[in-house]
Protein chains: 2
Amino acid sequence: MAVTLRDVALAAGVSPATASRALDPDASAAPRTRDIVRQAAEDLGYAGNSAARSLRTSRTDTIGLLLPDVRNAFFTDLAYAVDKAAAEAGRTVMIGNADEDCHAQDRYLNTLAKHQVDGLLVVPQGGASVTLRKVVAANPTVSIDRDAGLGVPVIASDSAGGMGELVDHIVALGHRRIAIVAGPQSTSTGRERLRAVAVRLSQHGIGLGSEYLVEGDFQLASGIAAAQQLLGLSTPPEAIIAADALMALGVLTVMRRRGVRIGEDVGIAAVDDTPWFEVLDPAVTVVAQDTAQLGEKAVAALLDRIAGEDVDTTPIPTRLVIRRSLGETAPSPSGESPLGSPIDSAPGSLGESPPDAPTDQRNGRATTQPIRLRNPGRTVGESTFTTHNSEETTHG
Amino acid sequence: MAVTLRDVALAAGVSPATASRALDPDASAAPRTRDIVRQAAEDLGYAGNSAARSLRTSRTDTIGLLLPDVRNAFFTDLAYAVDKAAAEAGRTVMIGNADEDCHAQDRYLNTLAKHQVDGLLVVPQGGASVTLRKVVAANPTVSIDRDAGLGVPVIASDSAGGMGELVDHIVALGHRRIAIVAGPQSTSTGRERLRAVAVRLSQHGIGLGSEYLVEGDFQLASGIAAAQQLLGLSTPPEAIIAADALMALGVLTVMRRRGVRIGEDVGIAAVDDTPWFEVLDPAVTVVAQDTAQLGEKAVAALLDRIAGEDVDTTPIPTRLVIRRSLGETAPSPSGESPLGSPIDSAPGSLGESPPDAPTDQRNGRATTQPIRLRNPGRTVGESTFTTHNSEETTHG
DNA sequence: CTGAAAGCGCTTACAG
DNA sequence: CTGAAAGCGCTTACAG
């Protein structure tokens, strides 16, 4: 059916062994032979058979990426970054969706194992299941975002630092009754973010009452349920921190339906940024994770791991993007952030082109230059990665 | 290294052939033998080697899904649906991201070809490239959403119908100066949606001036550029239709920055729904596609195609979700849609549980019952699939 | 630089 | 019901 190496060899008048070498840039072959074989391969439309190849070499040049929820933009951004970094390293990524379900996770893990991926990138959910442990033991693995106690390197953001900054900011704004819609305590990020908030709060002499702590599951519905609970309290919080964007969306949904004025009646802040947060009125203050760097570092770490080298697991700094959802004062309705200079005048990757730079539409591929952000929010923190929004603008 | 069938056979005291049969539910083996072999496989942690298996059988039980942009929620929802349907059919999905780049698309197509996927699901971009044609010729393929003239079945929404309904609605609202941020005219959806709008407009005796037509590329930046252009016109449009959610987001971003009041100064509507549209104030009126059905049908079609059967390519109805971004009047700020009955009282899948149904958080998996939607917007059209929002709520 | 040969792990007619 | 054998397509020591 499909064209085999044998066919190519026959057409080129050489042995399959020579054809194989001629097609392998790292093998030795006479330049002349190389040309002939390549031509034959081209002519016949030879694609190769990766099953045969990997059966022989026990390598697949494929890495598996196990995600808890493909519909969560944070993971999608991560997948994007991983895919990009992997492609640059000549690896293909197989994305698996656990659908926030341990069963589905195990199922996918098994497929990946069968497929002999060279390595595994996992954002584990729940504890370390038996299947997870088994597969991890058999494959070079790096964990991203979450630490499930697998004994593998973990590439993650410095959640604690980010949450600390956020709490400082909220307290500085004068809020005292602060609630958190936490992530599932079965995840390290869920635990870590909650812990960091509680600790920093107590450093400010503020307690975290049990009625102000609701555990969600990082998905939309749990944010809705949590907001209903918090907003129904006889003394509702002044500010709500949501441990991810989806739960924040749930909270926002309830606020809107109940006519609660965001930033006035109750403030809200979230972990993870999305372009949507900037379009809301008021725009939502967030602790942004650097998904691009997370993805790059994870791939690099896995490659190191496969090569048997040490990996760098320094946490990646987050970035506090201050907008107006916590009642931050603003000089003008459509104006700039009152707290910092607009990005137009900031050093760095933006502000090169005029705000009205048109989109070049040939071939459906935009080559738009970066556009100045009039209301980007102020940035606090060490990192200098571009905002989600400017990134979208730049890469779009 | 890894456990092979041979190891299992040895441990079970049978031949590899028998071991293979014992592990295959469809092969014949003595019940006793079956048990022993299964036990041995279990004990040794036998996973199988899919490379060897597919080399032998020339099947991989894998299907490839080629997406133009993993960061576009529409495609992500589609991927989710495809993955789910494929899993139910015992297939694993390899997701490839073309990153809106024909080069990346070709690269991925080649990997998929090498990996001997059983079939291909593609959302093509640009024209039918040589590589695309080649790979499509060599593999059972079904196109989703877009028709690139590949001569393969296309599973898509009835865009034209949806756009027609939307235009009727906009015109009924009294708008006459109507602009469109169209998708790239290199895609069938881009062309189709534009054409449907123009045609229906002209049926209402309304022309589509060239200054009111901007071509985007389905990505965020092009929506920003388009809005800058449209809003800078001496006579700006009364209503803007964006051909997808990302471009709508771009338009909304510019509106917000310029202080343009949505639905009052200028109305906006989009194709594709996302939970974010409902949280915006005013919530955005959309033509929603049924990604769940799109995914299911596509997988079914591919399976049929692989089996050599005929496939059903009836377009899937879209659904007009009327909210308030076009200046639809509303009786109360947080209230129900004025145009129809609230979903609470509508027949169908919603309204079973009390609005405050709590989230069950054991194991990080929410089991929340559907929550009544107070502001779901009225639904027009034939289809009865659940809204994006209620879906999230239900599945969350 | 090139060819003949072995073998990766599996499945499946072919006998029995 | 079971085993011995062949072979899927490729790569790579081993000779030459």
Side-chain angles (χ1 to χ4, degrees), chain A residues 1-38 40-41 44-62 110-118 138-139, chain B residues 1-38 40-41 44-62 90 110-111 113-118 138-139:
Chain A
M1 182 70 224
V3 182
T4 72
L5 186 63
R6 204 164 167 281
D7 299 327
V8 175
L10 239 45
V14 297
S15 74
T18 301
S20 176
R21 289 190 199 100
L23 260 17
D24 175 1
D26 297 331
S28 61
R32 178 96 170 265
T33 312
R34 216 175 267 274
D35 287 344
I36 298 174
V37 172
R38 276 187 182 154
L44 296 173
Y46 174 68
N49 179 324
S50 66
R53 174 175 235 269
S54 75
L55 178 57
R56 181 59 232 251
T57 62
S58 60
R59 292 182 51 219
T60 55
D61 290 331
T62 291
N110 278 129
T111 343
L112 288 176
K114 269 209 264 290
H115 278 268
Q116 311 279 110
V117 290
D118 292 344
N139 297 279
Chain B
M1 181 73 223
V3 182
T4 72
L5 187 63
R6 205 165 168 280
D7 300 327
V8 175
L10 239 45
V14 297
S15 73
T18 302
S20 176
R21 289 190 198 98
L23 261 17
D24 175 1
D26 298 331
S28 60
R32 178 99 171 262
T33 312
R34 215 175 267 274
D35 287 344
I36 298 174
V37 173
R38 277 189 182 154
L44 296 173
Y46 175 69
N49 180 323
S50 66
R53 174 175 235 270
S54 73
L55 178 57
R56 180 60 234 248
T57 61
S58 61
R59 291 183 52 217
T60 55
D61 288 331
T62 290
N110 278 129
T111 345
K114 271 208 263 292
H115 278 268
Q116 311 277 114
V117 290
D118 293 344
N139 297 278

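Quick note on labels: first sequence line is chain A, next is B, and so on, each numbered from 1.
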- Nearest to the side chain of A/L5 - C/dC8, D/dC10, C/dC10? D/dC10
- Message: Side chain of B/T57, heavy atoms from C-beta onward: which of C/dG9, C/dT2, C/dT12 has the nearest atom to it?
- Response: C/dT12
- Task: Please measure how far the C1' atom in D/dT12 lies from the corresponding atom in D/dG16, and state the result in whole Å.
- Result: 16 Å
- If we take the P atom in both D/dG9 and D/dA13, what is their distance in whole Å? 23 Å
Review item, side-chain donor-acceptor pairs of residues 3-13 of chain B, under 3.5 Å, at least two apart:
unit_1: B/T4; atom_1: OG1; unit_2: B/R6; atom_2: N; d: 3.2
unit_1: B/T4; atom_1: OG1; unit_2: B/D7; atom_2: N; d: 3.4
unit_1: B/T4; atom_1: OG1; unit_2: B/D7; atom_2: OD2; d: 3.4
unit_1: B/D7; atom_1: OD2; unit_2: B/T4; atom_2: N; d: 2.8

Just distance, no hydrogens or angles: give the donor-acceptor pairs under 3.5 Å from side chains in residues 46-53 of chain A, sequence neighbours left out.
unit_1: A/N49; atom_1: OD1; unit_2: A/A51; atom_2: N; d: 2.8
unit_1: A/N49; atom_1: OD1; unit_2: A/A52; atom_2: N; d: 3.0
unit_1: A/S50; atom_1: OG; unit_2: B/K114; atom_2: O; d: 2.8

Mind calculating the distance between [atom1] ([X]) and [atom2] ([N]) to the nearest angstrom?
X     : N      : atom1 : atom2 : answer
B/R6  : D/dA5  : CZ    : C1'   : 14 Å
B/N49 : C/dG9  : CG    : P     : 7 Å
A/R59 : D/dC10 : CZ    : P     : 17 Å
B/D35 : D/dC1  : CG    : C1'   : 15 Å
A/L55 : D/dG9  : CG    : P     : 12 Å
A/R34 : C/dT2  : CZ    : C1'   : 13 Å
B/D7  : C/dG9  : CG    : P     : 9 Å

- Task: Work out which heavy atom in A/V117 is nearest to a heavy atom in A/N139; give both atom names and the distance.
- Result: O-OD1, 3.7 Å
- Item | Least distance between heavy atoms, A/T60 atom then A/S54 atom | CG2-CB, 3.6 Å
- Message: According to salt bridge (charged side-chain N to carboxylate O under 4.0 Å, His left out), who are the partners of B/D61, at least two apart in sequence or on a separate chain?
- Response: B/R59, B/R91
- Looking at side-chain heavy atoms only, is the closest gap between B/V14 and B/V37 below 4.5 Å? yes
- Message: Any residue in residues 9-24 of chain B with a heavy atom nearer than 4.0 angstrom to DNA chain D? Just list them by number, or reply none.
- Response: B/V14, B/S15, B/A17, B/T18, B/R21
- Item | Summary of side chain to side chain donor-acceptor pair (under 3.5 Å) pairs that have at least one residue in residues 9-34 of chain A, sequence neighbours excluded | A/S15-A/T18
- Name the stems with DNA chain C in them: runs of three or more consecutive Watson-Crick or G-U pairs, distances under 3.5 Å? C:1-3 with D:14-16, C:5-12 with D:5-12, C:14-16 with D:1-3
- Item | Contact under 4.0 Å: A/S28 side-chain N or O vs C/dC1 OP1/OP2 | yes
- Task: Would you mind classifying the nucleic acid contact of B/T33 as base, sugar-phosphate or nothing, using non-hydrogen atoms under 4.0 angstrom?
- Result: sugar-phosphate
